[in-house]
Every structure is written in structure tokens, then in C-alpha cells.
Amino acid sequence: MTWDDEYDVVVAGSGAGAMAGAFAAASGGLRTAVLEKTDLLGGTSAYSGSAIWLPGTRVQARAGIGDSAESARTYLRALLGDGTAAHREAFLETAPELVDFLERDPAIEFEWRAFPDYFDAPGRLDMGRSFVPLDLPVERLGDLAGLVRPPVDRDRAGRGHSAKPMAQGRALIGRLLLALTATGNGTVRTGTALTGLVVEDGRVTGVRAVTADGPVRLRASRGVLLAAGGFESSAALRGERGVPGGAEWTMAPGGANTGDAIAAAVRIGAATGLLDQAWFCPGLLAPDGRPAFTLGFRGGLIVDGSGRRFANESLPYDQMGRRMAAAQGPFHLVFDARSGGLPAISVPPLVPDDQLASGAWVRADTLAELAARIGLPADALTATVERFNGFAEKGVDEDFHRGEDPYDRYFSGGGSCLAAVDRPPYYAAKVVLSDLGTKGGLRTDPDGRVLDGSGRPVPGLYAAGNTSASFTGPVYPGPGIPIATAMAFAYRAVQEIRRDHT
Ligand SMILES: Cc1cc2nc3c(=O)[nH]c(=O)nc-3n(C[C@H](O)[C@H](O)[C@H](O)COP(=O)(O)OP(=O)(O)OC[C@H]3O[C@@H](n4cnc5c(N)ncnc54)[C@H](O)[C@@H]3O)c2cc1C
């Protein structure tokens, strides 16, 4: 076998899991290459709010919020049962160790941020247990700053970073990049897309990839970690697997995550699971036809294709997305002048005038006129809004119990999120079923080893993040689970790679 370059570990993808795994490998003395298909590092992780749900660590202890692995176990067990107990226990065991490891590096620092857990279940923390990285001044990254994917609004508009400190997902990717490069053992290869795996004597020993200069073959003498996102941007795979929503409505960076790593592993016999699942969310359509991840509804109501409500709009976004998948669209958020703009948080932020000019939002002086403009029966919409306004007056949502859970009220500062819609002009915004990525993929053991159809590890092959099937199944337990699980299992995979040769 001839190789274009040789490494100990090759990591495909550059999201939070990939970068944490690459940093762990390189800091342990392994020559590590990160391969990124696009010209920018970070994928959806860079767009994210970077909430990280790693429970029972020094970060929660510093904040004095009374978190523990025990209460997180109680919570996860209540939501997920014991079907994936081995993964749950591995995750809980790794969380404090991973955070100790990361924060030992001067580039990495976290702080707890209030954000409620998503379910009313034993072990829940009403103000949450997730944490975020501290903002990162762009100057600290120097020339590397241009490699980090900008926030979603700037990225979609083809603009780079502003002069402000990098925040949220950019700070996380930037900090991991700083830590990785400081090891002296890490190489980042952008514009390099994994296309296949090289197997010698039953072991994965390297990868095939394409670059602008043509195909390359890269050796990975100790292991290959696949952390290249899901297949959310592949319309064909979504259709084949029945993932609700659409490739054009995912929040992932345009066209990046098309399931390449999953397909490469499947070609050499890897098993998959959970392929019809995603981390769902409502998305408000922006003028360019792309969605804006929308959460924290503190006013307005969402109606289906018949003009009726079908869920508690303030539900955690994945649960709302699942209600949308079960309902019949088209969906509209109806709100009024009372909120002085969108009564919710959207990422990217939406500019009302642009929304109206593009037709993604419509405005009318009466509900009947609004209904006509969005093609709904006027009597149905009016009756829905009148019933909703009655609930707002009583402060009790008799249909969907909106406002009864601490999560519902979190975004209205603890106050009511049931506000009457009765102050013209009225607005209707198009809402689609969006997602933050698919969550089905390669089956792995609790050490991140990819399994074959008989449940045996494929030697030399590991996976994490949305390339792997999430142990949370169809449940999104709390803010920061996607990134936390990606990082934890990438870290465990690297520990396994190190053990495998000692
Ligand atoms: C606005 C927003 C906010 C969010 N907030 C949070 C949050 O606060 N906390 C949280 O936990 N989750 C959050 N999420 C969800 C979370 O960001 C993603 O689910 C998670 O980051 C996915 O990580 P990943 O590593 O699997 O994929 P990604 O981060 O998307 O990384 C995959 C990378 O692999 C690259 N790639 C794809 N194919 C190849 C190939 N063939 N070869 C090489 N590279 C390849 C892609 O270009 C991409 O850069 C949010 C998502 C969005 C959109």
C-alpha cells in the first residue's frame, strides 16, 4: 500500500466531537490529522449555541447548582429506560474526566449557563446543567480565525467573522483548534473530503479522500475516527430513510453533511441504527428560503393547515418538531403588534421588514384578512385565536397546557407565555419542520468502536456525533446533548485507540 501521508489517527469532520477527539489524540502524542470537506472548520457545531450537557463536572460544582452524575443518571434513566444503559454509564463516567482534561489546557474554559432540562422527569434541574465555552477574542486565534465557520447569518451571506469576540459554537471550535495546534501533533486539512476507508487484513488502516488537487490516500496506523456529521443535507438518503422535514430545511451548513462517512463505513460492513431520526426544531422561513431555528416562544400561536393549534408552542424545540411531523401543514406562527416583533428567538435573527418584503411573513389588520392571505379558512383561524385568547385571559391553556412547565416560562423571564393575540396588525410567519442534524448512523459500542452486522467491533474504526446512532434514541433530553455526546464518545474512542496498542 502506498500512502500520500501517514498519521497515527485520522479524524473525518471538524465539529465539536471531531475536534475534541483530535485534541485528545494529539495531546497524547499521536500524530493526528483532521480532514474537513469544506474550506471551514466546525460544521453545525460552529453554528450552535454550544450548550454542553456534560453532567456532574467541575463546571457545575463551581456554579453551585447541585448537579451530580447520580441525578443525571436518574433523569436519563427516566427518559430512556435501560436499553442503552452501557452507553449512558460510559457517558456519565466520562463527563467529569473529559472536562478536567479540556480545562487543563489554557485555551479552554467553560461556565454554567441557565437553560432548563427539556422534560419533567425525576433528576431534572429546572435551570439546567449545561455549560458553554467563554467567548474567544478573535486575535487569540491569529491567522487560524479565518478557518472557523462564522455564525449562520454571516456564513449564509458569505461574510466572515466580525471583529467581535467569537461566541458560542465558534468559541468552542476556536478554543479546541487552539488547543489542538498547540500540541504540535495536530494537522488540519480543509478541502479534504473522506470518500472511503482502506482495510488491510481486516483492519481499517487509513482513508481515501479527495482534495482540489485530486485523490489522496492517508494512513492512520492507530485508528480512524468518523465524526463528519449526519446525512441531513442528503435529500436522497432522507427520503430513503423517511426522515421528516427536508434537506433544504436543515440548519446544517449548506450541502456539507451528506452522510459520506456513514456510507464509507457501511461499504466495509458497519451496522447502522436510528436512521429515521433527527434533532428536530421548528424553522421560520427566511427570505432566502432557508430556515431559522426558532425556540422560546413567549407569545403567538402556531396553526396547522386547517387553522387549528396542534401543540404547546413553547415546548422544547425537538418535541415541537415531532408534533409538527405528526400534524398536517402548512404551518404558520400567528402573532400581533403586542410583542413588538417576533415573540421568539430565531437563529439567525430575522429582520421583520425583510421578512414582509419577501412574503415569508404577511401582515393584515384583521384575522379574516390574514387568513385569506395565507390560504386558511377565516372562521377556523378566528375561532382558534379567540379560544387561545380566552386561555390567555385565564392564564390556563386547557388544550395543550402551555406555560405549565418551567421550560415554557423560561423565555418569558418566568412570567406567562400565554399572551392574547388581539392587537392589530396581525402577522403570519411560515414555519417548516427543520432540524439540527440527523441523529442516526453507525452503531458503536460505549467506547466509540464501530460495530459490524454481528455486533463485533470493526478493528481500527470509531465514530462519534451525528455520524453515529445516538444512545438517546428519539429523545432530546436537554440543551447540549448533541455536542456533549459527540465530545464524550470521541474522547472515549481516543482512549480506546491508545489502549488498543498498549
Ligand atoms: C443554531 C443551532 C444551535 C445549536 N445549539 C446547540 C447547542 O447549544 N448544544 C448542542 O449540543 N447542540 C446544538 N445544536 C446541534 C449541534 O450543533 C449538532 O447536532 C452537532 O454540532 C453536530 O455535530 P457533528 O460533529 O456530528 O456534526 P458537525 O458539527 O456538522 O460537523 C461535521 C463536519 O464534518 C464535515 N464533513 C462532512 N462530510 C465530510 C467528509 N466526507 N469528509 C470530511 N469532512 C466532512 C462537515 O463539513 C462538517 O464540518 C445546534 C444546532 C444549530 C443549527
Side-chain angles (χ1 to χ4, degrees), residues 10-21 33-54 113 115 128 130-133 147-149 151-153 155 168-169 172-173 188-197 207-211 225-234 250-264 278-281 283 290-295 317-318 345-349 434-439 441 463-468 470 472 476-490:
V10 167
V11 180
S14 65
M19 294 299 283
V34 170
L35 313 187
E36 167 54 49
K37 174 179 181 176
T38 68
D39 293 335
L40 294 167
L41 300 174
T44 317
S45 305
Y47 284 173
S48 80
S50 73
I52 304 174
W53 204 94
L54 287 170
R113 195 64 60 78
F115 202 133
S130 58
F131 55 81
V132 295
L147 283 180
V148 178
R149 190 173 285 282
V152 58
D153 50 336
D155 195 30
Q168 304 184 329
L172 181 61
I173 297 301
V188 168
R189 300 177 66 140
T190 54
T192 305
L194 172 114
T195 52
L197 297 161
V207 304
R208 277 187 286 279
V210 287
T211 71
L225 171 60
L226 301 177
F231 58 92
E232 51 271 15
S233 295
S234 165
T250 183
M251 284 296 300
N257 294 341
T258 47
D260 309 344
I262 298 171
W279 311 97
F280 294 107
C281 63
R290 304 294 312 278
F293 167 31
T294 306
L295 71 165
Y317 46 89
D318 178 69
I345 300 166
S346 74
V347 184
S434 179
D435 63 69
L436 310 177
T438 49
K439 66 185 304 197
N466 291 345
T467 300
S468 59
S470 172
T472 62
Y476 194 146
I481 279 277
I483 286 179
T485 51
M487 291 171 71
F489 288 104

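These numbers come from a predicted model, not from an experiment. Whatever order the structure lists ligands and atoms in, that order sets their numbers, starting from 1.
- Side chain to side chain, Asp39 and Thr190 fail the donor-acceptor criterion of an N or O pair below 3.5 Å.
- Using a 4.5 Å heavy-atom threshold, the side chains of Val132 and Phe115 count as separate.
- Taking any N or O of Gly17, backbone or side chain, none lies under 3.5 Å from an N or O belonging to ligand 1.
- The shortest N/O to N/O separation between Glu36 and ligand 1 falls below 3.5 Å.
- With values rounded to the nearest 0.5 angstrom, Asp260 atom CG is found 3.5 Å from Lys37 atom NZ.
- Both the backbone and the side chain of Leu436 come within 4.0 Å of ligand 1, judged by heavy-atom distances.
- Judged by distance alone, the side chain of Thr438 and the main-chain N or O of Phe231 form a donor-acceptor pair under 3.5 Å.
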Requested in this report: Show your reasoning for whether side-chain contact (heavy atoms from CB on, under 4.5 Å) applies to Thr192 and Val210.
Outcome: CA-CA 6 Å; Thr192 305; Val210 287; over 6 Å; no
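- For a threshold of 3.5 Å applied to N or O pairs, the pair formed by Thr467 and ligand 1 contains no separation below that value.
- When side chains are defined from C-beta on, Tyr47 counts as touching Arg149, because their heavy atoms get closer than 4.5 Å.
- Nearest to atom 46 (C) of ligand 1 among the protein's heavy atoms is Asn257 OD1, 3.1 Å.
- Residue contact check: Gly465 has heavy atoms under 4.0 Å from atoms 26 (O) of ligand 1.
- Side-chain contact between Lys439 and Pro482 is absent, with no heavy atoms from C-beta onward closer than 4.5 Å.
- In this structure a side-chain-to-backbone donor-acceptor pair under 3.5 Å is missing from Ser468 to Gly441.
- The parts of Ala228 lying near ligand 1 are both backbone and side chain, judged by heavy-atom distances below 4.0 Å.
- Residues Asn257 and Thr44 meet the side-chain proximity criterion, which asks for heavy atoms closer than 4.5 Å.
- Inspection of the Thr38 and Glu36 side chains reveals an N or O donor paired with an N or O acceptor under 3.5 Å.
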Requested in this report: Take Ser14 and Ile173 through the side-chain contact (heavy atoms from CB on, under 4.5 Å) test and state the conclusion after the steps.
Outcome: CA-CA 8 Å; Ser14 65; Ile173 297 301; over 6 Å; no
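- At distances below 3.5 Å, not a single donor-acceptor pair connects side-chain atoms of Thr467 with backbone N or O atoms of Ala463.
- When only non-hydrogen protein atoms are considered, atom 41 (N) of ligand 1 lies nearest to Asp260 OD2, 2.8 Å.
- Put simply, no part of Val152 is less than 4.0 Å from ligand 1, judged by heavy atoms.
- Looking at Thr44, Leu194, Leu35, Asn466 and measuring to atom 19 (O) of ligand 1, the nearest heavy atom belongs to Asn466.
- Here is the list of ligand 1 atoms found below 4.0 Å of a heavy atom in Gly229: 26 (O), 27 (O), 32 (C).
- Rounding to the nearest 0.5 Å places CG of Asp318 at 12.0 Å from CG of Leu295.
- Ranking protein heavy atoms by distance to atom 5 (N) of ligand 1, first place goes to Gly49 N, 3.0 Å.
- The six-membered or imidazole ring of Tyr317 lies near that of Phe293, with a centre-to-centre distance under 6.0 Å.
- Counting atoms of ligand 1 from 1 in the listed order, those under 4.0 Å from a heavy atom of Gly480 are 9 (N), 10 (C), 11 (O).
- Remark: minimum distance from atom 13 (C) of ligand 1 to any protein heavy atom is reached at Ser48 CB, 3.7 Å.
- Counting the atoms of ligand 1 from 1 in the order shown, those under 4.0 Å from a heavy atom of Ala193 are 42 (N).
- Using a 4.0 Å cut-off between heavy atoms, Val347 contacts ligand 1 through its side chain alone, with no backbone atom that close.
- The part of Ser50 lying near ligand 1 is the backbone, judged by heavy-atom distances below 4.0 Å.
- If you look at Thr192 next to ligand 1, the close heavy atoms, those under 4.0 Å, all belong to the backbone.
- With respect to atom 23 (O) of ligand 1, the closest heavy atom belonging to the protein is Ser45 OG, 3.4 Å.
- Interface atoms of ligand 1 facing Pro482, defined by a heavy-atom separation under 4.0 Å, are 10 (C), 11 (O), 12 (N), 19 (O).
- If you number the atoms of ligand 1 from 1 as listed, the ones under 4.0 Å from a heavy atom of Thr38 come out as 47 (O).
- No N or O atom of Glu232 sits closer than 3.5 Å to an N or O atom of ligand 1.
- With no hydrogens or angles considered, no side-chain donor-acceptor pair links Ser50 and Ser48 at under 3.5 Å.
- Here is the list of ligand 1 atoms found below 4.0 Å of a heavy atom in Met251: 53 (C).
- Remark: ligand 1 and Ala51 share an N or O pair separated by less than 3.5 Å (distance only, no angle test).
- Counting only distance, with no hydrogens or angles, the side chain of Thr258 and the backbone of Ser233 share no donor-acceptor pair below 3.5 Å.
- Scanning the protein for heavy atoms near atom 25 (O) of ligand 1, the closest one is Gly15 CA, 3.8 Å.
- For a threshold of 3.5 Å applied to N or O pairs, the pair formed by Ile483 and ligand 1 contains at least one separation below that value.
- Close contacts of ligand 1 with Gly42, meaning ligand atoms under 4.0 Å from a residue heavy atom, involve 29 (O).
- Looking at Glu232, its side chain never comes within 3.5 Å of a backbone N or O of Thr250 through a donor-acceptor pair.
- Looking only at protein heavy atoms, the nearest one to atom 45 (C) of ligand 1 is Lys37 CB, 3.5 Å.
- Using a 4.0 Å cutoff on heavy atoms, Ser14 counts as a contact of ligand 1.
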